[in-house]
Amino acid sequence: MPYVNIKITNENVTPEKKAELIKGATQLLVNVLGKNPNTTVVVIDEVDTDNWGIAGESITVRRKNGQ
């Protein structure tokens, strides 16, 4: 059973866009690895921008500073 974990920033991604991600990731595994879509699991984790950073600053701070 393939398991795909997609992590995105929690910035109001619509349910429709999440459905596209799930469908696309599933289809990718079908196309590339020949996996069965009925047993392919896709999980989307939304990460708050305060909870990760680059170059010593949170993404929240970087976005406020226009980076």
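Remember, predicted model here, so these are calculated numbers, not experimental data.
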### Query
Same cluster or not: are Leu29 and Ile6 linked, directly or through other Ile, Leu, Val, Met, Phe, Trp or Tyr residues, by side-chain heavy atoms under 4.5 angstrom apart?
yes
### Query
Do Tyr3 and Val32 belong to the same hydrophobic cluster, where Ile, Leu, Val, Met, Phe, Trp and Tyr are linked whenever their side-chain heavy atoms lie under 4.5 Å apart, directly or via other members?
no
#### Entry: All side chain to side chain donor-acceptor pair (under 3.5 Å) counterparts of Lys18, not counting sequence neighbours
Glu46
### Remaining members of the apolar cluster that contains Val47, side-chain heavy atoms under 4.5 Å
Trp52, Ile54, Ile59
### Message
Could you work out, with side-chain contact (heavy atoms from CB on, under 4.5 Å) as the rule, every residue matching Glu20, not counting sequence neighbours?
### Response
Lys17
### Of all pairs that satisfy salt bridge (charged side-chain N to carboxylate O under 4.0 Å, His left out), the ones with a partner from residues 50-61, not counting sequence neighbours
Glu57-Arg62
### Task
Please list, chain by chain and in numerical order, all residues satisfying side chain to side chain donor-acceptor pair (under 3.5 Å) with Asn31, sequence neighbours excluded.
Gln27
### Message
So, taking the atom named NZ in Lys23 and the one named CG in Leu28, what distance separates them when rounded to the nearest 0.5 Å?
### Response
14.0 Å
### Task
Determine yes or no for a side-chain-to-main-chain donor-acceptor pair under 3.5 angstrom, with Asn36 supplying the side chain and Asn38 the backbone.
yes
### Summary
On a heavy-atom basis, the closest approach of Val13 and Thr9 is CG2-O, 4.2 Å
### Summary
Result for side chain to side chain contact (heavy atoms under 4.5 Å, CB included) between Val4 and one of Ile44, Val43, Val42 points to Val42
### Message
My understanding is that only residues two or more places apart in sequence, or in another chain, count here; which of them pass salt bridge (charged side-chain N to carboxylate O under 4.0 Å, His left out) with Lys35?
### Response
none
### Message
Measuring from atom OG1 of Thr39 to atom CE of Met1, what distance do you get when rounded to the nearest 0.5 angstrom?
### Response
7.5 Å
### Message
Test your reading of the model: is there a side-chain donor-acceptor pair from Thr40 to the backbone of Pro2, 3.5 Å cut-off?
### Response
no
